[in-house]
Novice: 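Encoded as structure tokens, here's the structure I'll be asking about.
The sequence lines fix the lettering, A, B, ..., with proteins before strands; numbering per chain opens at 1. As a basis for the values below, the full set of heavy atoms in this structure was taken, side chains included, without hydrogen atoms, waters or symmetry mates. Because the structure is a prediction, the values reported are computed rather than measured.
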There are 2 protein chains.
Amino acid sequence: MNVMNASPRRKELTRLAAQLFVQEGFDRTTVRMLAQEMGIKSGSLFHHFKDKQEILAAVIEEGTQNALGIAKAALQSCPGSAEARLHAMARAHLETLFADRNAHVVALFEWRRLDPAASAHLSHLRDAYEAMWGEVIDDALAEGLIHGDRFLVSRFILGALNWTVRWYDPNGPRTPDDLADELVAMILSR
Amino acid sequence: MNVMNASPRRKELTRLAAQLFVQEGFDRTTVRMLAQEMGIKSGSLFHHFKDKQEILAAVIEEGTQNALGIAKAALQSCPGSAEARLHAMARAHLETLFADRNAHVVALFEWRRLDPAASAHLSHLRDAYEAMWGEVIDDALAEGLIHGDRFLVSRFILGALNWTVRWYDPNGPRTPDDLADELVAMILSR
DNA sequence: GTCTATAGCGGGATAGAC
DNA sequence: GTCTATCCCGCTATAGAC
């Protein structure tokens with residue numbers, strides 16, 4: 001069962017689960033579908049995960065951790081300008097949604113399906129990610145690049161980014177980076 | 001069964017269904033839960049609706065129609081200024097999400113659960129609503145109030161508004177109108 | 001670590017009386 | 001228009017062999 005481990009096998013299964021959860025939604029994804037995608041029978045799944053909930057928790061943990069890691073990397077390889085950091089965060093966010101793919105989408109859209117215990121256990125991760133955004137936005141406000149309420153600006157920006165999952169076509173003419181840049185341009189004071 | 005009717009009874013049941021769909025999500029809402037909320041037994045439900053899908057379609061149709069109606073009313077009782085119309089649309093949108101309540105939220109968040117036939121039948125309604133937004137945004141762009149790509153600006157604004165469902169607390173200090181005004185302020189060119 | 005087999009439950013939907 | 005009763009199905013999860 002390996003409750004708290006991160007064996008390569010479990011990692012791989014988590015990746016496949018994320019894909020199905022995005023396509024079908026958590027509730028409509030059955031353990032039989034998951035097993036088939038993984039090339040095993042449904043009974044075997046429960047050797048790796050205690051129950052379906054634990055699969056969701058694993059996906060969401062990975063998705064949030066990825067987002068955190070990619071955002072940190074983006075900020076480090078980034079000049080000091082607050083405007084550049086804003087761009088970097090927006091690009092990183094969309095990168096986790098459309099390139100790294102799936103797990104972060106599940107974290108954002110299926111969070112409510114977590115049971116209270118898992119939600120409590122993972123909320124510090126989500127909070128850490130949002131805190132990074134908070135800092136970047138604070139700096140941008142302080143420099144007068146954008147204006148408005150710290151909290152609301154954060155929510156609106158993340159909302160605009162998250163909702164791209166519902167309409168953006170990665171095979172269309174625009175890249176995720178185009179989207180990120182356009183969003184930042186839209187809110188910059190001129 | 002009354003497939004295409006809008007009897008007061010059916011209207012009332014649709015309203016109750018919308019509430020449960022928002023609280024639990026469509027997939028996790030059972031016909032037994034719906035029936036209990038309506039004060040009848042689950043078997044009786046199918047006298048009013050052919051199946052569970054039809055309940056969803058009824059909720060989404062009502063939610064989109066409401067949004068359309070409220071937005072139209074907001075624009076009509078509104079001076080010609082593009083900025084005022086932008087405010088009016090944002091306020092109207094949040095009003096349907098948090099005051100009128102529930103049905104429009106379902107339309108936005110459970111659209112993918114519609115079967116293809118229902119989706120095709122209802123998409124013209126959604127398109128009409130989005131077209132209203134498109135016009136108001138075109139005017140704002142033409143007047144130089146905001147800047148950016150017509151399509152992307154629309155998507156970003158609606159995304160920011162829609163995502164409020166996930167974090168906004170109507171019992172907190174801010175009113176929906178506060179949110180609408182802050183969002184518009186955030187994107188206005190200064 | 002995977003299999004087969006199946007328990008046990010709860011879901012959507014139907015039939016026919018009232 | 002609502003009830004009771006129930007069918008049938010598919011779901012999650014378990015048990016034990018290999």
Novice: Can you tell me the distance, in whole Å, between the CD atom of B/Q36 and the P atom of D/dT2?
Specialist: 16 Å
Novice: Check the distance between C/dT4's P and A/K41's NZ and give it to me in whole angstrom.
Specialist: 5 Å
Novice: Does the side chain to side chain contact (heavy atoms under 4.5 Å, CB included) test come out yes or no for A/I157 and B/W163, once each step is laid out?
Specialist: CA-CA 10 Å; A/I157 291 176; B/W163 199 258; over 6 Å; no
Novice: Does atom CD (A/Q36) have a neighbourhood of more than 12 heavy atoms from anything else shown, all under 6.0 Å?
Specialist: no
Novice: If I take atom NE2 from residue B/H104 and atom CG from residue B/L94, how far apart are they, to the nearest 0.5 angstrom?
Specialist: 10.5 Å
Novice: If you count heavy atoms of other groups shown closer than 6.0 angstrom to CD of A/E135, is the number above 12?
Specialist: no
Novice: Grab the NE2-P distance between B/H48 and C/dA13 for me, whole Å please.
Specialist: 15 Å
Novice: Quick one: is D/dT2 close enough that its OP1 or OP2 comes under 4.0 Å of any side-chain N or O from B/H47?
Specialist: no
Novice: For a quick check, with a 4.0 angstrom heavy-atom cut-off, what is the B/S/- contact string for nucleotides 11-18 of chain D, read 5' to 3'?
Specialist: BBBB----
Novice: Of the options A/L122, A/V59, A/L125, A/T96, which is the one that meets A/T64 in a side-chain contact (heavy atoms from CB on, under 4.5 Å)?
Specialist: A/L125
Novice: Look at B/R9 and D/dT2 and indicate whether a side-chain polar atom (N or O) is within less than 4.0 Å of OP1 or OP2.
Specialist: yes
Novice: Rounded to whole Å, please give me the gap between CE in A/M38 and P in C/dC3.
Specialist: 13 Å
Novice: Under the salt bridge (charged side-chain N to carboxylate O under 4.0 Å, His left out) rule, collect the residues that match up with A/R101, sequence neighbours excluded.
Specialist: none
